[in-house]
Number of protein chains: 2
Amino acid sequence: MPNPLTRKLELFGELPAEDRRLLDAVATGRRSVPAKTSIIQEGDAPSDVHLVLSGFACRSKVLANGQRQIFAYLVPGDFCDLHIFILKAMDHSIETLSPCEMVAIPRARVLELTGRPAIARALWWSNLVDEATLREWLVNLGQRDAVQRIAHLFCELHLRLASVGLVRDGEFSLPISQSELGDTMGLSTVHVNRALQSLRRQGLIGLESHVLTIPDIDRLRKFGGFNPNYLHLEGGKTDRSPTGGVRPG
Amino acid sequence: MPNPLTRKLELFGELPAEDRRLLDAVATGRRSVPAKTSIIQEGDAPSDVHLVLSGFACRSKVLANGQRQIFAYLVPGDFCDLHIFILKAMDHSIETLSPCEMVAIPRARVLELTGRPAIARALWWSNLVDEATLREWLVNLGQRDAVQRIAHLFCELHLRLASVGLVRDGEFSLPISQSELGDTMGLSTVHVNRALQSLRRQGLIGLESHVLTIPDIDRLRKFGGFNPNYLHLEGGKTDRSPTGGVRPG
DNA sequence: CGATAAATTGAACTCTATCAATAGGTGTGG
DNA sequence: CCACACCTATTGATAGAGTTCAATTTATCG
């Protein structure tokens, strides 16, 4: 059973068996981290690279006045801080949203991985996708109203989680609070609540006890103006169907 | 006289003379591009890498309803599309804002550059800074009101342009319209206009015939909540003074 | 100098935030 | 098992920031 990192990187293209073995081996020594726990603080210079194996974490920054902006969700298969090889200090923080399983991979081990050309290319691809995602979030905050904005985010999570096998029958676990959603979308908690009700009322989503249900993903995509091209999944092993290679079940 | 690319990359660290020579040589064959001209369209798979030598260009995306979001300004020394080595197609467009001078560098030439370890590292650094900038813009859109938002953008441009020698006495050329500013900040043209007036009224900026004057950068930074750490200039040849190594003149 | 784009202003309207209160859930200690 | 504390979700009412529409003035450019 491949770990989520291997699974994600193979979306870019098939990996040599030896590479796959190396990647799978990296998931040993996992540790459980409770929800709402800081992994890395702004200003830190971590020596290990952290990888999420289960649960949701996030990148975020807290302003002087206490406002917080979350600018990425880290889901299983995502690296937290690959840039430590270049940058002197973190310019943002990383913390868990839900209880997570993580591994801390020593620099040397990561260098071993990036020494393998296929892995290096896949990691580069993954980094470019992260960057494209950031751009799409900017479009989301700049151009869409609250309801569309949240719909768009849910479409993205649906696809990203499906690509690591975490979606079943259009349902997936969304272990975050409405206030955290607000910090993600630049909205107040109250308004997030009302936007969610609007989505439910329109039958676009179901959301109960932190399980999100999307009865008709195409409808939600149309509503939120979601176009999956920025996730750059079309070149790899996935197909070009409207759902971007993701099928229920 | 080094070109702006060389100058920018040396902010990360001194380069071997031979590397510098290679980088400077890349600026031959420049061509002039008028304002508001498309360089690369979403969906394209460009074969050359484009570099800005003078003027302002931008990354942007236009939604189905005609709304546009600009998510990066490309100023002298910035590459437009280094990712063509990995991604199959552009997920956004690039166009000039002002008249620009650009060069199209063939893939092979770029590979020659990235074959030099010091250049490769500097380019990686530059890419990470671009990504951090994107995150900061997300904070800007998500958490700050219109006036602070614009103030923050101006502080960033001040520092970035100063780092390639384009700021004199707190003044620099800002060859973009208020409507483009609006597309950048997720604001209507009308509101941008009023926000600019507010900044002028407070004596935080002067802006006349596309020349921006910042009489007191520290005051503007405080107002906009600007912290230059995300531009990661502190590790290179610049100092740690409050202006991040940038001095008038 | 005329034509066109950009900047500016006013007024009405909308979306989102804020304040405040209530209800539901969960975990802890007794 | 209950009481309590605390956090999350929900609802109502009000205020504010930003948009939209429309008109006018000011630049800019051939």
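Just so it is clear: chains get the letters A, B, ... in the order the sequence lines come, proteins before strands, and each one is counted from 1. For the numbers below, each heavy atom of this structure counts, side chains included, while hydrogens, waters and symmetry mates do not. Quick caveat: nothing in here was measured; it's all calculated off a predicted structure.
- Protein atom CG of B/Leu181 is 15 Å distant from nucleotide atom P of D/dG18, rounded to whole Å.
- Minimum interatomic distance between A/Val192 and A/Gln178 (heavy atoms only, all atoms of both residues): CG1-O, 3.8 Å.
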Protein-nucleic acid N or O pairs under 3.5 Å, nucleotides 8-10 of chain D:
{"residue": "D/dA9", "atom": "OP2", "partner": "A/Gln178", "partner atom": "N", "Å": "2.8"}
{"residue": "D/dT10", "atom": "OP2", "partner": "A/Gln178", "partner atom": "NE2", "Å": "2.6"}
{"residue": "D/dT10", "atom": "OP2", "partner": "A/Asn193", "partner atom": "ND2", "Å": "2.7"}
{"residue": "D/dT10", "atom": "O5'", "partner": "A/Asn193", "partner atom": "ND2", "Å": "3.2"}

Listed pairs, N/O of protein and of nucleotides 12-14 of chain C, under 3.5 Å:
none

Take B/Ser98 and B/Ile176, measure what side-chain contact (heavy atoms from CB on, under 4.5 Å) needs, and give me the verdict at the end. CA-CA 7 Å; B/Ser98 72; B/Ile176 65 185; over 6 Å; no
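- Shown here for A/Phe56 and A/Cys100, the closest heavy-atom pair between the two residues is O-SG, 3.3 Å.
- Side-chain polar atoms of A/Gln197 and A/Asn193 form a donor-acceptor pair below 3.5 angstrom.
- Partners of B/Leu204 by side-chain contact (heavy atoms from CB on, under 4.5 Å), not counting sequence neighbours, listed by chain and number: B/Leu199, B/Gln202, B/Arg219, B/Leu220, B/Phe223.
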Tabulate protein N/O versus nucleotide N/O from nucleotides 25-27 of chain C, keeping only pairs under 3.5 Å, one per line.
none

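- For A/Tyr230 and A/Trp137, the gap between ring centers reaches or exceeds 6.0 Å.
- Tested against B/Asn140, the residues B/Arg144, B/Gln143, B/Glu136 include a single side chain to side chain donor-acceptor pair (under 3.5 Å) partner, B/Arg144.
- Side-chain atoms of B/Asn229 and A/Glu42 include a donor-acceptor pair closer than 3.5 Å.
- A donor-acceptor contact under 3.5 angstrom links the side chains of B/Thr6 and B/Asn3, judged on distance only.
- Against DNA chain D, the stretch residues 140-155 of chain A makes no heavy-atom approach under 4.0 Å.
- When the P atom of D/dA27 is taken as reference, atom CG of B/Leu207 falls 13 Å away, rounded to whole Å.
- Going from atom NE2 of A/His191 over to atom P of C/dA17 covers 6 Å, rounded to whole Å.
- Shortest non-hydrogen contact noted between A/Gly55 and A/Pro76 is O-CD, 3.4 Å.
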Does the side-chain contact (heavy atoms from CB on, under 4.5 Å) test come out yes or no for A/Glu95 and A/Cys58, once each step is laid out? CA-CA 6 Å; A/Glu95 51 200 74; A/Cys58 70; 4.0 Å; yes
Please report the C-alpha distance between B/Glu156 and B/Thr133 in whole Å, then the side-chain angles of each, then the deciding distance to 0.1 Å, and finally whether the side-chain contact (heavy atoms from CB on, under 4.5 Å) criterion is met. CA-CA 9 Å; B/Glu156 180 188 302; B/Thr133 303; 3.3 Å; yes
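- As rounded to whole Å, 14 Å separates atom C1' of C/dA7 from atom CG of B/Leu174.
- Taking every heavy atom of both residues into account, A/Val147 and A/Ser198 meet most closely at CG1-OG, 3.7 Å.
- Taking the six-membered ring where the residue is Trp, A/His83 and A/His92 present parallel rings, their angle staying beneath 30° rather than reaching 60°.
- Each end of the helix from C/dC1-D/dG30 to C/dG30-D/dC1 gets its own rotation axis from five pairs of C1' atoms, and the angle between them is 50° to the nearest 10 degrees.
- Ion pair A/Lys36/A/Glu180 flagged as a salt bridge, since at least one NZ, NE, NH1 or NH2 atom sits closer than 4.0 Å to an Asp/Glu carboxylate oxygen.
- B/Gly182 comes within 4.0 angstrom of nothing in the nucleic acid, heavy atoms only.
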